[in-house]
Asks: 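Following this message is one structure expressed as structure tokens.
Read the numbers this way: they start at 1 and go in the same order the structure lists the ligands and their atoms.
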Amino acid sequence: MGQPLIDTHCHLNDPAFDSTLPDVVERAREAGVRGFVVPAYDRVSLKRTADLSSLYPSAIFPAYGVHPWYAGDNINYDILLSYLRRQNTVALGEIGLDFTPDAPPEPTQIEILTRQLSLARELNLPILLHCRNAHDSLYQILKGYWGGIQGVMHSFSGSYEFMQRFIDLGFFISFSGSVTRKTARKYHRNAQAVPLDRLLIETDAPSIATESTVASAVEPRHCVEVARKIAELRGIPFEDVGTGAAENARRLFHLP
Ligand SMILES: [Zn+2]
């Protein structure tokens with residue numbers, strides 16, 4: 001086995017993991033997944049994320065930000081900033097745009113996104129991006145920060161053409177359980193085409209199903225299934241995908 005895998009986006013801060021976390025972490029370790037980037041998404045999850053990173057200082061790497069679904073909440077940027085300035089913070093996120101019908105109004109989302117992008121640039125933190133049905137708008141906004149911000153398109157759901165554009169802006173492309181599904185042709189094509197030095201692996205647990213497991217039962221250990229599928233799609237050894245993606249994560253997030 002190559003070096004341990006890193007789940008670059010999992011919500012171990014989700015209340016769903018409250019009582020199972022020690023077992024989830026242990027099962028991940030046994031499967032060879034030993035690092036977890038855990039993004040906050042709203043006001044309440046900020047503290048929970050910080051607490052988890054103190055409980056598992058060498059495994060849980062915290063990120064802080066406000067997700068577009070919570071764009072309508074009363075956001076206190078001073079509090080967010082105090083978390084972002086903590087010494088072990090590895091990224092700003094989860095932030096982004098979600099133009100699906102039930103999400104908050106687009107202008108509100110764009111306003112909180114751009115405020116957080118400015119913070120990321122100021123603090124020199126990489127960003128974790130959520131993007132649904134909004135790839136062109138997000139691309140246009142990020143273009144304005146070209147060279148000034150690094151980050152990840154998390155569980156990337158866009159077209160091959162958009163993937164290329166985000167790569168050209170310097171972003172990493174992260175694959176989740178979506179790519180493991182047999183019929184997910186767009187994801188398969190993207191996983192075959194992404195340069196190995198821009199590839200990341202994640203589960204987004206507990207939100208995205210894999211071919212083998214329903215969403216609510218997905219844990220960081222399922223990173224192995226994601227890496228295996230990508231290796232199969234590319235016709236290369238599993239270790240090359242796992243090791244390559246882990247090295248990318250270490251580089252991007254400055255992990256120990
Ligand atoms: Zn997420």
Side-chain angles (χ1 to χ4, degrees), residues 5-18 21 24-25 28 33 35-50 52-53 59-73 75 80 83-84 89-100 102-104 109 112-113 116-117 120 125-135 138 142 151-158 166 171-181 187 199-210 213-223 225-226 245 249 252-253:
L5 303 189
I6 294 168
D7 188 342
T8 61
H9 194 116
C10 53
H11 294 286
L12 297 180
N13 49 8
D14 190 293
F17 290 116
D18 264 359
L21 190 61
V24 167
V25 169
V33 183
F36 317 96
V37 175
V38 176
Y41 42 90
D42 67 358
R43 221 173 147 145
V44 177
S45 61
L46 294 171
K47 183 175 177 330
R48 205 203 309 264
T49 307
L52 289 181
S53 74
I60 292 187
F61 307 113
Y64 304 99
V66 181
H67 193 287
W69 292 347
Y70 304 97
D73 293 5
I75 297 165
L80 176 59
Y83 281 100
L84 289 169
T89 301
V90 299
L92 192 155
E94 174 173 2
I95 61 175
L97 294 178
D98 192 321
F99 291 172
T100 53
D102 295 333
Q109 291 190 40
I112 72 152
L113 170 66
Q116 293 182 95
L117 288 174
L125 282 170
I127 54 176
L128 309 176
L129 291 160
H130 167 106
C131 185
R132 281 251 182 91
N133 294 0
H135 290 92
L138 184 62
L142 291 177
V152 189
M153 298 300 294
H154 120 74
S155 190
F156 183 69
S157 60
F166 288 110
F171 283 83
F172 288 77
I173 307 294
S174 182
F175 292 86
S176 68
S178 313
V179 78
T180 64
R181 292 178 213 149
Y187 294 84
L199 165 74
L200 292 173
I201 289 167
E202 63 167 290
T203 59
D204 199 22
S207 306
I208 298 180
T210 71
T213 307
V214 295
S216 60
V218 165
E219 308 174 358
R221 71 186 170 92
H222 291 103
C223 271
E225 186 179 343
V226 177
L252 175 64
F253 300 117

Asks: Can you sort out the partners of F253 under ring-ring contact (aromatic ring centres under 6.0 Å, His included), two or more places apart, ordered by chain and number?
Replies: none
Asks: How far apart are the C-alpha atoms of L92 and L117, what are their side-chain angles, what is the distance that settles it, and do they pass the side chain to side chain contact (heavy atoms under 4.5 Å, CB included) test?
Replies: CA-CA 9 Å; L92 192 155; L117 288 174; over 6 Å; no
Asks: Mind checking side chain to side chain donor-acceptor pair (under 3.5 Å) for H135 and listing every partner two or more places apart, or none if nothing turns up?
Replies: none
Asks: Does one side chain, of H130 or D98, offer a donor that lies under 3.5 Å from an acceptor on the other?
Replies: yes
Asks: Considering residues at least two apart in sequence or located in another chain, which fulfil the side chain to side chain donor-acceptor pair (under 3.5 Å) criterion with E202?
Replies: H154, S174
Asks: Is it the case that the side chains of N13 and S45 hold a donor-acceptor pair, with the cut-off being a distance below 3.5 Å and no angle test?
Replies: no
Asks: From the Zn ion (ligand 1), how many protein N/O/S atoms are found at a distance short of 2.8 Å?
Replies: 4
